[in-house]
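Everything quoted here is computed from the prediction, not taken from an experiment. A, B, ... follow the sequence lines: proteins, then strands. Residue 1 opens every chain.
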2 protein chains.
Amino acid sequence: MKLQQLRYLREVAKHGLNLSVAAEALHTSQPGISKQIRLLEDELGVDILVRNGKRVVDVTKPGRVILDIAERILQDTENLKQVGREFRDQAAGTLTIATTHTQARYSLPNVVSAFKQKYPKVRLTLQQGSPPQLAEMVMAGEADIAIATEALDQYPKLLALASYQWRHCVVVPEKHPLLKESRVTLEMLAQYPIVTYDLAFAGRSHIDEAFRARGLAPDIVLSAVDSDVIKTYVELGLGIGIISARAYDVKRDRNLRAIEAGHLFGTMTTRIAVRRGTALRGFAYVFIELFAPHLTRAVVDATLMGEGSSYEL
Amino acid sequence: MKLQQLRYLREVAKHGLNLSVAAEALHTSQPGISKQIRLLEDELGVDILVRNGKRVVDVTKPGRVILDIAERILQDTENLKQVGREFRDQAAGTLTIATTHTQARYSLPNVVSAFKQKYPKVRLTLQQGSPPQLAEMVMAGEADIAIATEALDQYPKLLALASYQWRHCVVVPEKHPLLKESRVTLEMLAQYPIVTYDLAFAGRSHIDEAFRARGLAPDIVLSAVDSDVIKTYVELGLGIGIISARAYDVKRDRNLRAIEAGHLFGTMTTRIAVRRGTALRGFAYVFIELFAPHLTRAVVDATLMGEGSSYEL
DNA sequence: CTTGCTTACGAGACTCGTAATAATT
DNA sequence: AATTATTACGAGTCTCGTAAGCAAG
């Protein structure tokens with residue numbers, strides 16, 4: 001049995017059981033893939049792929065189990081390399097954070113600068129995307145950590161830990177009638193055109209749910225992935241905005257006023273997620289702890305241990 | 001990175017960091033081992049072994065982590081082969097049970113015959129040893145399942161599940177004075193020479209503890225690993241025996257009488273243990289369930305899942 | 001008739017074992 | 001002096017890529 005065979009197999013599975021595409025992805029030849037997979041099947045004594053004549057059409061039952069185990073083995077080989085990198089220079093490397101615009105813009109700046117100070121040699125990369133995209137990035141190993149309020153706890157392959165809670169606020173232009181109210185209600189909000197987050201972002205699901213529960217049909221005139229975009233359009237008078245209270249800054253947002261709205265939409269939990277079974281670099285733990293001080297290395301490892309298993313670096 | 005390199009590394013670690021011995025164990029040459037390990041170190045970019053000139057004297061800190069991961073990878077390659085065997089013929093293979101004499105003689109016969117009837121093609125092997133030896137056997141992969149009352153829950157690498165409970169009894173020759181007592185006490189027993197289990201067997205620890213707690217120093221004239229041996233010497237008049245109540249059979253042991261003694265030594269729990277991270281053959285689950293009906297496959301897998309992780313075969 | 005898997009074959013890399021070398025105990 | 005690791009080198013194996021063959025859509 002060769003690791004190469006497992007790599008080939010994984011790649012074939014990943015590319016819809018098409019050996020040619022897998023070969024291309026691996027920069028090698030179709031025949032090589034074909035042969036090595038057959039050798040693996042011979043050695044294990046079972047068919048992994050279901051062939052219809054000369055087409056691969058499915059994965060056999062044992063094949064599915066084999067794919068799972070192969071995946072874990074390959075994951076571990078990655079972990080071995082990670083260990084090497086980690087010890088060669090504890091303080092150098094790359095950390096890729098997959099997150100939403102709002103996090104990147106309003107939650108991470110402090111963390112990032114503190115981290116950079118501590119690990120000047122670590123190359124930090126911020127990837128942006130929708131929460132499901134972030135999850136995919138981490139699962140594919142393209143990012144080390146995902147941070148988002150939505151979706152992250154929906155993937156068994158990820159370990160999603162609650163890192164902080166926040167609430168929404170309403171932003172309006174100066175002198176907006178809503179500013180006279182001592183305590184806004186959903187009914188009041190529903191009378192104005194609304195600008196807020198795109199579906200699948202930053203608690204939008206809670207917003208929709210809150211209105212629906214009261215039988216209200218709010219007029220969402222614009223949705224965006226991005227608190228700054230929302231604020232811009234509110235300034236333009238397009239409507240009132242519903243954004244994260246964290247994304248409103250009294251000093252910076254001089255043309256806007258914020259109205260407390262936590263009581264309307266409930267409390268959101270922002271989660272930080274890593275892929276299970278992956279050995280994290282030491283500085284990745286530090287990043288997590290900077291972001292959410294209660295998530296110390298001991299806590300993260302303990303949670304990982306209880307499920308997959310991780311290694312002390 | 002090659003699986004072979006990981007195998008070499010593991011073997012070196014297993015044989016006290018002696019490349020020569022490892023080479024011998026693997027039926028290959030020292031230079032091969034040396035070279036492959038160096039190649040692995042080169043690829044990972046860290047030293048794994050600490051060399052003092054030309055002697056290997058220790059494992060580096062990263063080396064320890066690497067060994068752990070390598071171990072898991074190799075374990076998984078074994079699991080892959082296991083999957084092959086499993087699917088090639090679901091009902092054939094080998095099941096090795098490591099257990100104590102007492103279990104083999106008094107608890108397993110029913111289970112074994114039921115199992116044999118269900119899986120006539122499976123080759124069953126019973127290995128005997130002391131509980132720590134049994135644990136070692138399972139951890140080394142020499143046995144699939146260990147069954148014993150002592151020690152099995154002391155090893156993190158093993159998953160030990162309670163399978164049944166039992167109590168001790170006192171066996172004496174016919175017409176022994178103790179038979180006149182309605183309810184024996186530890187003090188009464190301490191007046192006679194005692195024959196019982198060897199240290200580390202079948203609840204001997206509880207026996208010692210019970211006497212010690214009452215400040216009694218029983219006269220253990222003979223200890224054996226084996227209920228039959230104990231009974232034989234009791235028949236010879238060497239002393240009174242303390243054995244598992246399960247090991248006394250009214251019909252078979254005509255020359256002996258049993259006296260209830262559960263109240264003196266407490267309740268013992270016999271455990272069944274498997275190695276964590278190992279893919280069990282389907283029939284191994286069946287064996288476990290035959291032995292302890294509450295330990296269904298679902299229960300065992302759920303417990304394994306919660307910790308390492310297993311694969312559905 | 002195009003796409004895609006398998007078989008055939010040859011070049012090149014790599015593993016492994018023997019022999020020689022060097023460093024510890 | 002004996003044990004043990006490393007270096008050197010050559011034989012044999014194996015992987016991989018090209019080319020040809022062939023089955024399926």
Side-chain angles (χ1 to χ4, degrees), chain A residues 1-60 62-63 66-67 70 73-74 77 80-81, chain B residues 1-60 62-63 66-67 70 73-74 77 80-81:
Chain A
M1 185 187 317
K2 295 276 153 47
L3 287 174
Q4 191 77 305
Q5 296 169 340
L6 304 183
R7 270 183 223 115
Y8 285 2
L9 182 61
R10 171 175 65 175
E11 209 64 15
V12 168
K14 196 170 167 183
H15 291 90
L17 304 178
N18 184 319
L19 301 214
S20 317
V21 178
E24 187 125 359
L26 291 165
H27 309 293
T28 185
S29 66
Q30 287 129 341
I33 306 271
S34 177
K35 179 148 195 204
Q36 290 308 317
I37 290 184
R38 288 211 107 96
L39 282 174
L40 181 62
E41 289 179 317
D42 285 353
E43 180 174 353
L44 297 182
V46 287
D47 280 359
I48 297 172
L49 302 177
V50 179
R51 296 169 178 77
N52 201 344
K54 290 212 172 189
R55 297 286 154 125
V56 175
V57 293
D58 202 358
V59 179
T60 62
I66 289 169
L67 271 167
I73 291 177
L74 295 170
T77 65
L80 281 179
K81 290 180 192 156
Chain B
M1 185 187 318
K2 297 276 151 51
L3 287 173
Q4 191 77 310
Q5 297 169 339
L6 304 183
R7 269 182 224 114
Y8 285 3
L9 182 63
R10 170 173 67 176
E11 210 63 14
V12 167
K14 196 170 167 184
H15 292 89
L17 305 178
N18 185 318
L19 301 214
S20 318
V21 178
E24 187 126 356
L26 291 166
H27 309 293
T28 184
S29 67
Q30 285 127 343
I33 306 272
S34 178
K35 178 146 195 203
Q36 291 307 317
I37 289 185
R38 289 210 104 96
L39 282 174
L40 181 62
E41 290 179 317
D42 285 353
E43 179 173 354
L44 298 182
V46 286
D47 280 0
I48 298 171
L49 302 178
V50 179
R51 295 170 178 79
N52 200 345
K54 289 213 170 185
R55 297 282 154 127
V56 174
V57 293
D58 201 359
V59 180
T60 64
I66 291 169
L67 270 167
I73 292 177
L74 294 170
T77 65
L80 281 179
K81 290 181 193 155

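Ranking D:dT6, C:dC16, D:dA23 by closeness to the B:Lys35 side chain, first place goes to C:dC16. For B:Thr28, counting side-chain heavy atoms from C-beta on, the closest listed nucleotide (D:dA19, D:dC16, C:dG17) is C:dG17.
Looking at which nucleotide of DNA chain D each of A:Gln36 and A:Gly53 is closest to, the 5′-most match is held by A:Gln36. Nearest-nucleotide assignment on DNA chain D puts the 5′-proximal partner with B:Ser20, out of A:Val57 and B:Ser20.
Axis orientation changes by 40° from one end of the helix from C:dC1-D:dG25 to C:dT25-D:dA1 to the other, with each end axis drawn from 5 pairs and the value rounded to 10°.
Each side chain to side chain donor-acceptor pair (under 3.5 Å) pair with one or both residues in residues 26-38 of chain B, not counting sequence neighbours, appears once here: B:Gln5-B:Gln36, B:Ser20-B:Gln30.
With a 4.5 Å cut-off on side-chain heavy atoms, A:Glu43 and B:Lys81 count as touching.
Around CD of A:Gln4, the count of heavy atoms belonging to other residues, nucleotides or ligands within 6.0 Å exceeds 12.
Side-chain atoms of A:Thr60 come within 3.5 Å of backbone N or O of A:Ile48 as a donor-acceptor pair.
Nucleic acid contact for B:Ser29: base, since at least one base atom lies under 4.0 Å from a heavy atom of the residue. Using a 4.0 Å heavy-atom cutoff across all strands shown, B:Leu17 reaches sugar-phosphate atoms only and no base atom.
For residues 2-12 of chain B, proximity to DNA chain D is found at no residue, defined as any non-hydrogen atom under 4.0 angstrom from a strand atom.
A donor-acceptor contact under 3.5 Å is formed by the side chain of A:Arg55 with the base of C:dT3.
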